[in-house]
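In what follows, chains are A, B, ... by sequence order, proteins preceding strands, each numbered from 1.
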Amino acid sequence: MPPPNNSRKAIAPNLIELPAKLENLPLFMTFVCDQARQFDFTDKRTLEIELVLEEALVNVIEYAYPTERPGRLILHLEGKADGKLHLEIRDKGVLFNPLERAAPDLEAELMERPIGGLGIFLMKELTDGISWHRKDDENCLSIIFEPRHVK
Amino acid sequence: MPPPNNSRKAIAPNLIELPAKLENLPLFMTFVCDQARQFDFTDKRTLEIELVLEEALVNVIEYAYPTERPGRLILHLEGKADGKLHLEIRDKGVLFNPLERAAPDLEAELMERPIGGLGIFLMKELTDGISWHRKDDENCLSIIFEPRHVK
Amino acid sequence: MEIKELKRENDLLTATLSGRMDAITAAEFTSQLENWITQELKSFTIDCGQLDYISSAGLRAILMAAKKVRSLDGKLQLAALQESVQTVFEISGFDKIIPIFANLDDAAS
Amino acid sequence: MEIKELKRENDLLTATLSGRMDAITAAEFTSQLENWITQELKSFTIDCGQLDYISSAGLRAILMAAKKVRSLDGKLQLAALQESVQTVFEISGFDKIIPIFANLDDAAS
Ligand SMILES: Nc1ncnc2c1ncn2[C@@H]1O[C@H](COP(=O)(O)OP(=O)(O)O)[C@@H](O)[C@H]1O
Ligand SMILES: Nc1ncnc2c1ncn2[C@@H]1O[C@H](COP(=O)(O)OP(=O)(O)O)[C@@H](O)[C@H]1O
């Protein structure tokens, strides 16, 4: 039996580049979710993709450009023939590797839990692959989603 | 008196690149309209921008890639400090200069009016500047919108 | 885009067209019209008061409809166009080939 | 996101939270809670049955609220979380610090 032909599902690299401001968050989100839906991800997985994306984008918007006017935010999205979705988020902001942040203490009492510090942790937990590198003065965060998240 | 300072309104070149399919039309439209609204265009002018944009995109989607699977469609948007919005639409499809199309005969009787052929005409009528060139195997359609259209 | 039938009298139908008539939605109008024609209707008055947007794909559907009903000895009339839709009609010269009225009452008289 | 007050009994308020609690909307919850606290309310039960989405900005607002009301000797309880929201709470360990009930009745008893 020949292997199932998923190649018609593959989508070429898609790109959106906009200033890193909160006003543009919905547009970035729609860009990815529309494509994810065309790529046959379940509603549940699409919600998780949305969550990871929001965390990644909001961090660039809030922290990557501390002094200047809103800098650039570039988002690449590529659907592979094997059903995986590859996302790359790039900014020219301060060097920051999110994967080096320590995980939050999930056992702490209510009053001991610090405010914040959950975004990066959620990103790590809900993706099927995440890596970071710095290249040409850019932070590049690469993320892989499988149609169904296996923990 | 110093000239009015509109520079805070300028928006850097923004970019979206997606396959040229009708499914992606709403995303391209939202991309431009969101930015136009941030750029303080009136609702009336935003509707006209929307119309011009739909005509330009639909032509690429319907005609630029007659044989292959959906090709690429690239849209650049730049808000200038003088309040003008610059749009560039690029595709790698068949060479086609829309500005060479003859205008439709607006005086013809109902039964003599041909079906179609109004899209390019509307684009020309509603823009404040439109030019086309072919470069590196790409059709580049450049469009300028002023906040208020002067005929 | 939404099409709502208001009333039928003999072979005359009155309806409203609302929302956006664009490259994605215009075909709905064409197939609705074909459907009506199979029901022996041949004259149509359409209230466009809630039609917010029309592109050349919409104009194409309107022109096809107008030609079709003319060939059946019927007619297609529009009423209550919003300013931006009216502008698109005027630029395209459609105000000279499609009867346009201020409201449904004017269209009926 | 929408916040709707259902009822008040002494210093206990019951409300529903619906829609999306994200980086853009979460601040509405924080300011609504501050507003309630100035009205002498200090215990809150929130029905999240129609809450479709929560991100870390939402969790942040919930945690700030829970700490605030604890410091007033009140409490914050949630009810009827959707599966995807429940998952986010569990991953974050919030199910161990915020009381979560199947529905409003369970929360009341
Ligand atoms: N792009 C970035 N550049 C610099 N610092 C960052 C960036 N993204 C995140 N951080 C830092 O990492 C911390 C943890 O981020 P995160 O886990 O998303 O939670 P939160 O933003 O709610 O604190 C942030 O508080 C911030 O100090
Ligand atoms: N990108 C393109 N490549 C090739 N031909 C095109 C392209 N865009 C438009 N055309 C041709 O120009 C004609 C006129 O286009 P237009 O004015 O938009 O009206 P319509 O598409 O409704 O016919 C089309 O019918 C098509 O033959």
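Note that CD of D:Glu90 is 12.0 Å distant from CD of A:Glu125, once rounded to the nearest 0.5 Å. Taken to the nearest 0.5 Å, the CD atom of A:Glu50 stands 9.0 Å off from the CG atom of D:Asp22. Note that CZ of D:Arg20 is 7.5 Å distant from CG of A:Leu47, once rounded to the nearest 0.5 Å. To the nearest 0.5 Å, atoms CD (A:Glu48) and OG1 (D:Thr87) are separated by 7.0 Å.
The choice from A:Glu55, A:Met111, A:Glu62, A:Arg113 that makes the most heavy-atom pairs within less than 4.5 Å of chain D is A:Arg113. Interface check for chain D: of the options A:Leu106, A:Leu22, A:Asp105, A:Leu110, the most heavy-atom pairs under 4.5 Å are formed by A:Leu110.
Contacts of D:Ser92 with chain A are made by both backbone and side-chain atoms, with heavy-atom separations under 4.5 Å. For A:Ala108, the part lying under 4.5 angstrom from a heavy atom of chain D is the backbone only. With a 4.5 Å cut-off on non-hydrogen atoms, A:Met29 touches chain D through its side chain but not through its backbone. Residue A:Leu25 touches chain D through its side chain alone, counting heavy-atom pairs closer than 4.5 Å.
In this structure, A:Leu126 and D:Ile91 have side chains that are in contact, with non-hydrogen atoms separated by less than 4.5 Å.
Within residues 46-68 of chain D, the residues having any heavy atom closer than 4.5 Å to a heavy atom of chain A are D:Asp52, D:Tyr53, D:Ile54, D:Ser55, D:Ser56, D:Ala57, D:Leu59, D:Arg60, D:Leu63, D:Met64, D:Ala66, D:Lys67, listed by residue number.
Nearest heavy atom pair, residue A:Val58 against residue D:Ala23, reads CG2-CB, 3.6 Å.
Counting non-hydrogen atoms of other residues, nucleotides and ligands closer than 6.0 Å to NZ of D:Lys96 gives a total above 12.
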CA sep, side-chain torsions, deciding dist, call: A:Leu118, D:Phe94, side-chain contact (heavy atoms from CB on, under 4.5 Å): CA-CA 11 Å; A:Leu118 287 168; D:Phe94 270 41; 3.5 Å; yes

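Between D:Arg70 and A:Glu109 there is no salt bridge, since none of the side-chain N atoms of the basic residue sits less than 4.0 Å from a carboxylate O of the acidic one.
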